[in-house]
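Note sheet for the following structure.
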Number of protein chains: 2
Amino acid sequence: MDDVDRGLLALLQADATRTYADLGREIGLSAGATHERVRKLRAAGVIRRTTVDIDPAAVDLDVLAFVTVDSVAWIGDSGPAFAAITEIQEAHVVAGAASVLLKVRTTSTGALQDVLRRIHAIAGVSSTQATIALDTFFERPTPTGGTPAHDGTGPDER
Amino acid sequence: MDDVDRGLLALLQADATRTYADLGREIGLSAGATHERVRKLRAAGVIRRTTVDIDPAAVDLDVLAFVTVDSVAWIGDSGPAFAAITEIQEAHVVAGAASVLLKVRTTSTGALQDVLRRIHAIAGVSSTQATIALDTFFERPTPTGGTPAHDGTGPDER
DNA sequence: AATGAAACAGTATCGAA
DNA sequence: TTCGATACTGTTTCATT
């Protein structure tokens with residue numbers, strides 16, 4: 001993982017449909033070498049998958065909510081129970097007051113209520129609290145440090 | 001947007017490197033027709049972009065935190081100020097106690113502290129509260145209702 | 001809006017440096 | 001690890017239904 005790899009990751013995040021020849025031109029590598037780099041990044045699991053980013057509104061997912069879940073017991077192995085609820089986009093175990101933080105998308109507040117009902121049915125769950133998002137400023141891919149603006153104020157650099 | 005489109009979206013989310021011929025075979029369409037469908041989904045903005053999903057740990061982003069931000073004034077136009085902080089992966093205006101909810105990734109807790117400092121420097125921000133994620137059960141693409149049979153009625157189904 | 005075929009472009013591979 | 005060349009595979013276009 002050198003700077004060339006990080007640059008490639010940033011370019012691919014922005015647009016994974018570009019050709020290897022094109023990407024290579026931008027970072028100063030041949031198409032073959034670029035291809036080999038990307039192949040290795042995939043093999044190493046740095047690139048987990050190539051996917052499409054979909055507009056939630058286009059599939060009628062107009063409601064976005066963050067749900068904190070409290071539990072009576074340890075919920076460290078309830079991952080699959082949350083994963084079974086398809087409306088849950090992310091599930092994280094968090095430190096602090098709540099045990100789990102969920103990102104949930106539904107077509108309506110009624111559907112959200114139904115999701116909350118199913119969450120309560122999971123063993124150990126004692127309570128939930130939902131916070132509705134009114135507007136999303138932005139959602140972007142995991143930062144890479146590839147070629148991002150650099151304001152120079154940060155303590156660490158790489 | 002019919003069921004064929006939704007099926008295509010689900011397949012592309014799972015693996016956008018598959019060929020049109022291959023995708024078409026699975027949903028019962030020729031390569032040409034599949035290509036045309038996907039082209040239209042892109043043109044309509046349903047598919048916002050094709051991207052790669054990167055393992056955060058591979059780029060040393062070992063700290064994930066959700067930060068709630070309180071403000072004294074209306075922050076409806078501070079989107080760009082948050083976007084300028086590259087460590088912020090998502091920013092949403094939320095209803096409830098906090099004004100904005102952020103998803104932040106950093107290489108260390110020290111770097112997180114620095115991000116919080118920069119957030120405080122944004123006009124109108126009065127306080128922040130960070131919640132650290134200890135473990136991520138899963139993070140997946142926006143659900144599409146693609147594979148699950150789904151006729152648009154009723155709260156939801158699996 | 002879909003098909004099948006043809007022309008074109010990009011990918012994947014390989015020997016050499 | 002890279003490059004450059006090549007064979008191959010997939011994409012893109014188009015006339016047709």
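Worth knowing before you read on, the calculation uses all heavy atoms, side chains too, and leaves out hydrogens, waters and symmetry mates. Chain identifiers are assigned alphabetically (A, B, ...) following the order of the sequence lines, protein sequences preceding nucleic acid strands; residue numbering begins at 1 within each chain.
- A straight line from CG of L8(B) to C1' of dA2(C) spans 14 Å, rounded to a whole angstrom.
- Dashed line: the shortest gap from a side-chain N or O of H35(A) to OP1 or OP2 of dA12(C) is under 4.0 Å.
- Atom C1' of nucleotide dT11(D) and atom CZ of R18(B) are separated by 16 Å, given to the nearest angstrom.
- Going from atom CG of L29(B) over to atom P of dA1(C) covers 12 Å, rounded to whole Å.
- With respect to R49(A) and D15(B), no salt bridge is recorded, no charged nitrogen being found less than 4.0 Å from a carboxylate O.
- Atoms NZ (K40(A)) and P (dA12(C)) sit 15 Å apart, rounded to a whole Å.
- Below 30°, between 30° and 60°, or above 60°: for Y20(B) and H35(B) the angle between ring planes is above 60°, a perpendicular geometry.
- As rounded to whole Å, 15 Å separates atom C1' of dT9(D) from atom OH of Y20(B).
- Of the candidate nucleotides dT12(D), dT3(C), dC3(D), dT3(C) has the atom nearest to the side chain of A33(B).
- The shortest non-hydrogen separation linking T106(A) to A111(A) is CB-CB, 3.7 Å.
- Residue R37(B) places at least one side-chain N or O under 4.0 Å from the OP1 or OP2 atom of dA2(C).
- Remark: C1' of dT3(C) and CD of E36(B) are 13 Å apart, rounded to the nearest angstrom.
- One atom, CZ of R25(A), and another, P of dC3(D), lie 13 Å apart when rounded to the nearest Å.
- In this structure, the CG atom of L23(A) is 8 Å from the P atom of dT11(C), given to the nearest Å.
- Annotation: side chain of H120(A) is in contact with side chain of T128(A) (closest heavy-atom distance under 4.5 Å).
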